[in-house]
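Values below: all heavy atoms of this structure, side chains included; hydrogens, waters and symmetry mates excluded. Everything numeric in this text was worked out from a predicted model, so none of it was measured. Just follow the structure's listing: the first ligand is 1, and inside any ligand the first atom is 1.
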Amino acid sequence: MIAPVRATTPNSQAPDSPRGLALLRDPLLNKGTAFTEAERDVLGLRGFLPAHVLSMEEQVARVLTNLRSLPNDLEKYIALNSLHDRNEELFFRVVCDNIDEIQPLIYTPTVGLACQRYGLIFQRPRGMFISATDKGRIAELLGNWPYPAKLIVVTDGERILGLGDLGAHGMGIPVGKLSLYSACAGVHPEHCLPIMLDVGTNNQDLLNDRYYIGLRQKRLSGAAYDEFIDEFITAARAAFPGVLIQFEDFANHSAFRLLHKYRDDIPVFNDDIQGTAAVALAGLFSALRVNGGKLADQRVLFLGAGEAATGIADLIVSAMMAEGLSEPEAIKRNWLVDSRGLVVKDRAGLTEHKMRYAHDHAAVEDFLTAIRTLKPTAIIGVAAVGGAFTPEVLQAMAEINHRPIVFALSNPTSKAECSAEEAYRHTDGRALFACGSPYDPVKFDDKTFVPRQGNNSYIFPGVGLGAIASGTKLVTDEMFMAAAHTLAYLVTQEDIEQGSLYPSLPRIREVSAHIAAAVADVAYRRGLATTARPNDMMAYIEQQMYDPHY
Ligand code: NAD
């Protein structure tokens, strides 16, 4: 096949298909040493490539050989990034075919380290950097983007994973996340646009860092910040009609506000709040298959009271209500512990998003006492406090429950509440465990457990694909609930028997396709879709999935 020609669109700058060196330097069209003899003749490539023609499979093998010889994960991240910049099809083939090995390198946990070093490892821009100094001309900037974006992942870098304010260095997150959209759900790379809204940083170390790539000023705040975001949203919708916007790694005080401000009018969602919620709920459904419980009977105690915790709690409440509880009854089954102890009604200065879970209860200062007092059936760690699930915490859960549910979801690995090995060891191998960071299988007594990551990457790619395929006007909680049910449904008996609460990662494209179909189905049923309902939903979804090949 002759090299593909990039689609021409209203937003593109009418690219005539490049030839010769220009073709080799275009990452969307470059095939490197895989250009065939015929292509080399037709496309003016003679003399630019060594004689031997490699197949894509041989190129993939070469990439993996190189990658595995590198000394550490950051070097591997850099190598993969540079492949992404050279040859997108090959990059995505490598990721799709080796998702278990590559996802932790291009996303969590390695991306956290990459963001911390972003100024040093920065090689080539990807996506768009829109800074506070661009106020008033954001539409003009977005007009420079040459591809037809259908999905924007945008951050302001204020709360990158559990690492805090990394300013413009947070760009690694939208870039990594969009790679997963393409690899895990087949959202075409041309439709993906990562955006850094560089409103400054309050991280003094970065402001002092000579290699910091962002704007050297304190963050915009108050009305100036809101006006900037508003201008961006308006410009993005004008430049890319119907575009789905995913808010990513905004700090609490912006994340909840922005989500609530826009979610009833335009297709937006916040993955830290809603995607996390769906993946955690799916994990609970799987755990309940093991211990035979009903969701409506669970008592869930969160360590953390931020975006992830309240997002998960909100979705659990909706799911408990679907099982017949009243809203107050469901809320009462979810408790939060933050840095000041149990969130209770009498506590002064509680922020808005915690109020729903501020119960009538005496103050409790620490997590262990909260466990002994409330006797939860499940604990969910989303506070980014490494090691917070101490042996005593785990033992207390094992004393109260025959099969305690323990989710240590914080990222990166250094922030994990406990390791998989600790979770099994301190509960006599009885924990129903999910983690935010990848862990190897754990041998305990005569059993080998295969812990799996409760990673949003099971959810957001499929949600995004379903939203785009249906052209939904809004992204609703019902869609996330459907995603959670679908994900749990795809966990096999064999998974369950080895302690895995999620399907294996190599099944991710199948998982995403099913989630996309479930999400699109909600859009069609609720009258939110802007495309015609297909007769065969799965076939329709699968048709839209980008599959990297030459
Ligand atoms: P956040 O900043 O919104 O919330 C953190 C919360 O932890 C805050 O409520 C804070 O008060 C609380 N906290 C801080 N120190 C504490 C302490 N010592 N004891 C108890 N609580 C404390 O962040 P978030 O978006 O909710 O994310 C939290 C963590 O969860 C991060 O590490 C993030 O990477 C991780 N996360 C993982 C996944 C996943 O897929 N596994 C998804 C989302 C978030």
Where does the angle between the aromatic ring planes of [X] and [Y] fall among parallel (under 30°), tilted (30 to 60°) and perpendicular (over 60°)?
| X | Y | answer |
| --- | --- | --- |
| F433 | Y439 | tilted |
| H361 | W335 | perpendicular |
| F129 | F122 | perpendicular |

Between the side chains of [X] and [Y], does any donor sit under 3.5 Å from an acceptor?
| X | Y | value |
| --- | --- | --- |
| E158 | H253 | yes |
| N270 | Q246 | no |
| Y107 | N456 | no |
| Q103 | S457 | yes |
| T377 | N401 | no |

When you measure from [atom] to every protein heavy atom, which one gives the shortest distance, and what is it?
| atom | answer |
| --- | --- |
| atom 26 (O) of ligand 1 | A308 N, 2.8 Å |
| atom 7 (O) of ligand 1 | A383 CA, 3.4 Å |
| atom 12 (C) of ligand 1 | G304 CA, 3.9 Å |
| atom 4 (O) of ligand 1 | G306 CA, 3.3 Å |
| atom 18 (N) of ligand 1 | V385 CG2, 3.6 Å |
| atom 5 (C) of ligand 1 | V382 O, 3.9 Å |
| atom 43 (C) of ligand 1 | T276 OG1, 3.0 Å |

If you count the atoms of ligand 1 from 1 in the order shown, which ones are under 4.0 Å from a heavy atom of [X]?
| X | answer |
| --- | --- |
| G454 | 39 (C), 40 (O), 41 (N) |
| L303 | 20 (C) |
| S410 | 29 (C), 30 (O), 32 (O), 35 (C) |
| V337 | 20 (C), 21 (N) |
| N455 | 40 (O) |
| G436 | 41 (N) |

List the steps and the verdict of ring-ring contact (aromatic ring centres under 6.0 Å, His included) for F444 and Y424.
CA-CA 7 Å; F444 183 82; Y424 296 120; 7.6 Å; no
Is there a polar contact between ligand 1 and [X], counting only N or O atoms under 3.5 Å apart?
| X | result |
| --- | --- |
| L409 | yes |
| S339 | yes |
| E307 | yes |
| A305 | yes |
| N252 | yes |
| N411 | yes |
| A309 | no |
| V279 | no |

Could you tell me whether R356 and E327 have a side-chain N and a carboxylate O separated by less than 4.0 Å?
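Counted as a salt bridge, because a side-chain N and a carboxylate O are separated by less than 4.0 Å.
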Salt bridge or not for R347 and D338, using N-O below 4.0 Å?
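Counted as a salt bridge, because a side-chain N and a carboxylate O are separated by less than 4.0 Å.
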Before you tell me yes or no, could you show the steps for F389 and F367 under ring-ring contact (aromatic ring centres under 6.0 Å, His included), namely the whole-Å CA-CA distance, both residues' side-chain angles and the distance that decides it to 0.1 Å?
CA-CA 9 Å; F389 290 176; F367 193 61; 5.6 Å; yes
Minimum distance, heavy atoms only, to atom 27 (O) of ligand 1: which one of R340, H353, E158, R159 is it?
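Residue with the shortest heavy-atom distance to the ligand atom: R159.
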Regarding atom 21 (N) of ligand 1: of the candidates D338, V343, D272, which has the closest heavy atom?
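Going through D338, V343, D272 one by one, D338 has the nearest heavy atom to atom 21 (N) of ligand 1.
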Tell me which part of N456 gets within contact of ligand 1: side chain, backbone, both or neither, using heavy atoms under 4.0 Å.
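Both backbone and side chain.
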Main-chain N/O of E248 paired with R159 side-chain donor or acceptor, under 3.5 Å:
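Not a single qualifying donor-acceptor pair exists.
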With a 6.0 Å cut-off on the ring centroids, do F269 and F247 count as close?
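They do not qualify: ring centres at least 6.0 Å apart.
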F92 vs H84, test: ring-ring contact (aromatic ring centres under 6.0 Å, His included). Steps then yes/no.
CA-CA 8 Å; F92 281 115; H84 195 178; 5.4 Å; yes
Is the shortest distance from a heavy atom of L161 to ligand 1 less than 4.0 Å?
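L161: in contact with ligand 1 (<4.0 Å).
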Does the protein put a heavy atom less than 4.0 Å from atom 10 (C) of ligand 1?
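No, no protein heavy atom sits under 4.0 Å from atom 10 (C) of ligand 1.
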